[in-house]
S.K.: 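So that we are looking at the same thing, I have put the structure below in structure tokens.
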Amino acid sequence: MPSKPSFYITTAIAYPNGVPHMGHAYEAIATDCIARFKRLDGYDVRFLTGTDEHGIKMLQTAQKAGLTPRQLLERNVPRFQAMGEAFNLSNDDFIRTTEERHKKASQAIWERMAARGDIYKSTYSGWYSVRDEAYYAEEETTVNEQHVRLGPQGTPVEWVEEESYFFRLSAYQQKLLDHYAANPGFIMPEARRNEVVSFVSGGLQDLSISRTTFDWGIPVPGDPAHIMYVWVDALTNYITALGYPDTEADLFKRFWPADVHVIGKDIIRFHAVYWPAFLWSAGLEVPKRVFGHGFLFNRGEKMSKSVGNVVDPFGLVDTYGVDAVRYFFLREVSFGQDGSYSHESIVNRMNADLANDLGNLAQRSLSMIAKNLDGVVPEPGPLSAEDEAILALADGMIGKAREAIESQAIHQYLAAVWAVVAEANRYFAAAAPWALRKTDPKRMETVLWTTAEVIRQVAILAQPVMPASAGKMLDLILVPEAERGFDRLGGGFRLPGGTVIPAPTGVFPRYVEPEAPAAG
RNA sequence: GGCAGCGUAGCUCAGUUGGUAAGAGCGCCGGAUUCAUAACCCGGAGGUCGGCGGUUCAAGUCCGCCCGCUGCUACCA
């Protein structure tokens with residue numbers, strides 16, 4: 001049997017020293033949408049997400065709470081996993097960097113890099129704040145009137161020299177630049193690529209990749225006084241989950257190199273500079289694409305505890321429903337750019353696009369089949385130019401959607417689908433099947449079938465964004481599970497007539513503001 | 001300071017290589033309709049396309065300068 005093409009997509013692993021916020025959920029649903037799209041489009045998909053559980057901040061947060069790091073993780077990681085459930089993620093695995101498999105993988109990649117001669121022991125020096133337990137770059141520090149050098153938190157810093165292992169990042173500068181030039185799609189969007197190219201062109205310094213001042217991390221092989229510094233540990237998760245260091249394992253052979261790492265724009269450098277260098281050093285292939293998405297802003301302002309506008313993702317799901325929230329963020333925000341949201345914008349989107357346009361179109365057309373044709377899906381008669389036109393538009397959706405998803409333009413894929421929904425409403429209003437009921441019932445049947453066929457294709461294409469709602473819509477027209485893949489789109493397949501469908505029920509309810517408790 | 005990008009209708013934004021592109025969605029106003037989730041459909045609203053100056057038969061669309069905003073980066077010892 002012919003094997004499916006493979007597709008490996010990941011989110012960044014979240015740092016669970018706090019609870020998940022909407023930014024975590026956003027990255028996850030965008031990645032999930034692409035993963036689901038590819039599955040429906042016939043790919044063998046692997047979708048990975050997880051948590052990054054080591055590092056000094058985890059240790060500090062735990063200490064402040066009077067907990068051990070493991071206790072903190074026991075408290076917080078389930079929240080991230082619950083977020084995955086709440087947002088209906090379809091991840092195939094959930095990697096935790098405290099897992100044994102990850103320790104093995106991280107130590108293995110370290111040893112490969114060392115064997116290559118890219119790791120050496122030297123002295124790491126820098127400005128260290130005892131109070132912050134953190135190192136700062138020179139430019140992050142300031143000198144006050146008393147000639148005391150201060151870190152960004154306003155705490156005094158001192159010059160500290162610490163033994164550390166270094167990675168020979170500087171040796172990879174030209175190879176990275178060559179790779180960027182030869183693979184313009186490696187870093188996306190383009191603005192992010194320009195920044196990285198500019199940064200690398202400016203010269204690369206070797207990277208300190210171990211610490212001795214705390215022990216919440218993976219021990220360096222052969223030198224347990226050192227633990228690996230954050231990025232070697234964290235980035236390796238993408239291959240840990242494929243069974244590394246067993247590069248002959250089925251998962252690894254099928255899915256490495258990854259097709260897309262979806263990450264926030266703030267960690268582009270680690271993924272587009274450090275990660276490929278590590279991989280080359282270890283003799284592995286580099287991912288095909290690193291996509292840096294933007295940030296979300298609440299009413300145009302960055303979410304922050306001090307401003308008091310931090311939005312709980314679970315609360316959004318409770319208020320609007322998971323599919324509406326998924327649709328809103330994926331349709332409203334140009335993927336790759338920053339986005340803004342508010343109660344008003346979410347309600348507007350879900351009412352206009354989902355309830356009024358798609359939900360109402362399904363309701364008005366399918367209810368006519370139920371009421372006038374005893375629920376029997378009609379067979380179309382001769383197709384008019386109008387019928388042909390709207391069907392051609394519906395058949396064209398999958399091509400546009402594929403093209404958009406190839407470049408992670410999720411919003412464009414959705415815009416293409418909803419443009420057809422809008423046109424279908426115009427078609428339906430112009431054809432006025434309710435008027436044809438008495439004048440030309442046969443023609444009415446053709447209009448209703450045509451509309452139902454458009455709904456079928458729209459619903460199939462809406463599954464990646466709104467799995468549950470789209471599925472419910474397909475249930476309304478009795479599309480079998482096996483016929484919901486993208487191979488059923490594009491005109492090579494049509495909604496069969498003759499089946500008896502149930503009376504439709506609303507798939508996308510309008511959001512109505514709750515009544516004020518005490519009007520008056 | 002350097003590099004990059006942006007500044008188009010109230011809001012969010014599209015606008016190939018310069019010539020029916022001044023557009024879409026939302027909001028707003030008017031109309032129509034009642035199959036439908038008070039939804040859908042039709043029409044309108046007139047924005048110096050940040051400013052100035054150029055190139056051109058013709059410029060949001062190219063060039064220069066200026067203003068404002070954003071990102072990356074450097075420096076400010």
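Below, chain A is the first sequence line, B the second, and so on; all start at residue 1.
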S.K.: Under a 4.0 Å N-O cut-off, is there an ion pair linking Lys400(A) with Glu403(A)?
M.R.: no
S.K.: In whole Å, measure the gap between the C1' atoms of A24(B) and A36(B) for me.
M.R.: 25 Å
S.K.: If you look at every strand shown and take non-hydrogen atoms under 4.0 Å, does Ser198(A) touch a base, only sugar-phosphate, or nothing?
M.R.: nothing
S.K.: Please say whether the positively charged group of Arg211(A), taken as NZ for Lys or CZ for Arg, lies over the ring of Tyr229(A), i.e. under 6.0 angstrom from the six-membered ring centre and within 45 degrees of the axis.
M.R.: yes
S.K.: In whole angstrom, what separates Trp418(A)'s CH2 from G25(B)'s C1'?
M.R.: 14 Å
S.K.: Just to be sure I understand the rule, does Gly202(A) reach a base, reach only the sugar-phosphate, or reach nothing, if contact means heavy atoms closer than 4.0 Å?
M.R.: nothing
S.K.: May I ask you to say what Val507(A) touches in the nucleic acid, namely base, sugar-phosphate or nothing, with a heavy-atom cut-off under 4.0 Å?
M.R.: base
S.K.: Both distances below 3.5 Å, Watson-Crick or wobble geometry, any strand: find the nucleotide opposite G53(B).
M.R.: C63(B)
S.K.: Is there a Watson-Crick or G-U wobble partner for G5(B) with both distances under 3.5 Å, and which nucleotide is it?
M.R.: C69(B)
S.K.: When we call it a touch if two heavy atoms are under 4.0 Å apart, what does Ala191(A) touch: a base, just sugar-phosphate, or nothing?
M.R.: nothing
S.K.: Take Lys38(A) and Asp259(A) through the salt bridge (Lys or Arg N to Asp or Glu O under 4.0 Å) test and state the conclusion after the steps.
M.R.: CA-CA 11 Å; Lys38(A) 285 293 192 178; Asp259(A) 291 86; over 6 Å; no
S.K.: Under 4.0 Å, heavy atoms only, any strand: does Asn360(A) hit a base, just the sugar-phosphate, or nothing?
M.R.: base
S.K.: In plain terms, say whether Asp475(A) and Arg484(A) are close enough for a salt bridge, that is, a side-chain N and a carboxylate O under 4.0 Å apart.
M.R.: yes
S.K.: Between Phe508(A) and Phe199(A), which is nearer to the 5' end of RNA chain B once each is assigned its nearest nucleotide?
M.R.: Phe508(A)
S.K.: If you check the Asn348(A) side chain, which of C26(B), C40(B), U34(B) turns out closest?
M.R.: C26(B)
S.K.: Grab the CD-C1' distance between Glu190(A) and G71(B) for me, whole Å please.
M.R.: 14 Å
S.K.: Take atom CZ of Phe428(A) and atom C1' of U33(B), then tell me their distance rounded to the nearest Å.
M.R.: 13 Å
S.K.: Taking any heavy-atom pair under 4.0 Å as a contact, classify Arg510(A): base, sugar-phosphate, or nothing.
M.R.: base
S.K.: Return the nearest nucleotide to the side chain of Ala355(A); candidates are C41(B), U37(B), G71(B).
M.R.: U37(B)
S.K.: Expressed as a whole number of angstroms, how long is the span from Phe297(A):CZ to C69(B):C1'?
M.R.: 14 Å
S.K.: Which pairs with one or both residues in residues 362-415 of chain A pass ring-ring contact (aromatic ring centres under 6.0 Å, His included), sequence neighbours excluded?
M.R.: Phe37(A)-Tyr413(A)
S.K.: Distance between the P atoms of G50(B) and C13(B), in whole angstroms?
M.R.: 15 Å
S.K.: Rounded to whole Å, how long is the line connecting atom CG of Asp338(A) with atom C1' of C13(B)?
M.R.: 15 Å
S.K.: Does NZ or CZ of Lys57(A) lie under 6.0 Å from the centre of the six-membered ring of Tyr15(A), at an angle within 45° of the ring axis?
M.R.: yes
S.K.: Between C72(B), C40(B), G27(B), which nucleotide gets closest to the side-chain atoms of Glu195(A)?
M.R.: C72(B)
S.K.: Tell me the interatomic distance from Asn351(A), atom CG, to A38(B), atom P, rounded to whole angstroms.
M.R.: 11 Å
S.K.: What interatomic distance, in whole Å, is found between P of C35(B) and the corresponding atom of U20(B)?
M.R.: 44 Å
S.K.: Whole angstrom is fine here: how far is it from CG in Leu366(A) over to P in A39(B)?
M.R.: 20 Å
S.K.: Taking any strand in view, what nucleotide pairs with U17(B) in a Watson-Crick or G-U wobble way, both distances under 3.5 Å?
M.R.: none
S.K.: Counting only Watson-Crick or G-U wobble pairs whose two distances fall under 3.5 Å, which nucleotide matches G44(B)?
M.R.: C28(B)
S.K.: Counting only N and O atoms by type, is there a donor-acceptor contact under 3.5 Å from the side chain of Gln173(A) to the main-chain atoms of Val200(A)?
M.R.: yes
S.K.: When the C1' atoms of C72(B) and U16(B) are considered, how many whole Å apart are they?
M.R.: 29 Å
S.K.: Determine whether more than 12 heavy atoms belonging to other residues, nucleotides or ligands lie under 6.0 Å from atom CD of Gln205(A).
M.R.: no
S.K.: For Leu358(A) and Lys265(A), find the nucleotide of RNA chain B closest to each by heavy atoms; which residue's nucleotide sits nearer the 5' end?
M.R.: Leu358(A)
S.K.: Using the P atom as the point on both nucleotides, what is the distance between U17(B) and U37(B), in whole Å?
M.R.: 47 Å
S.K.: Rounded to the nearest angstrom, tell me the gap between atom NZ in Lys472(A) and atom P in U37(B).
M.R.: 13 Å
S.K.: Mind checking if Arg437(A) touches a base, just sugar-phosphate, or nothing, with heavy atoms under 4.0 Å?
M.R.: nothing
S.K.: What's the closest nucleotide to the Ser367(A) side chain, out of A36(B), C41(B), A14(B)?
M.R.: A36(B)
S.K.: Rounded to whole angstrom, note down the C1' distance from A59(B) over to A22(B).
M.R.: 12 Å
S.K.: Under 3.5 Å for both donor-acceptor distances, Watson-Crick or wobble: does A77(B) have a partner, and if so which one?
M.R.: none
S.K.: Counting heavy atoms from C-beta on, name the nucleotide in C42(B), G27(B), C72(B) closest to the side chain of Arg426(A).
M.R.: C42(B)
S.K.: Is G60(B) syn or is it anti, if syn means the base angle is within 90 degrees of 0?
M.R.: syn
S.K.: Measuring only the P atom in each nucleotide, how far is C57(B) from C75(B)? A whole number of Å is fine.
M.R.: 49 Å
S.K.: Between G2(B) and C62(B), how far apart are the C1' atoms? Round to whole Å, please.
M.R.: 25 Å
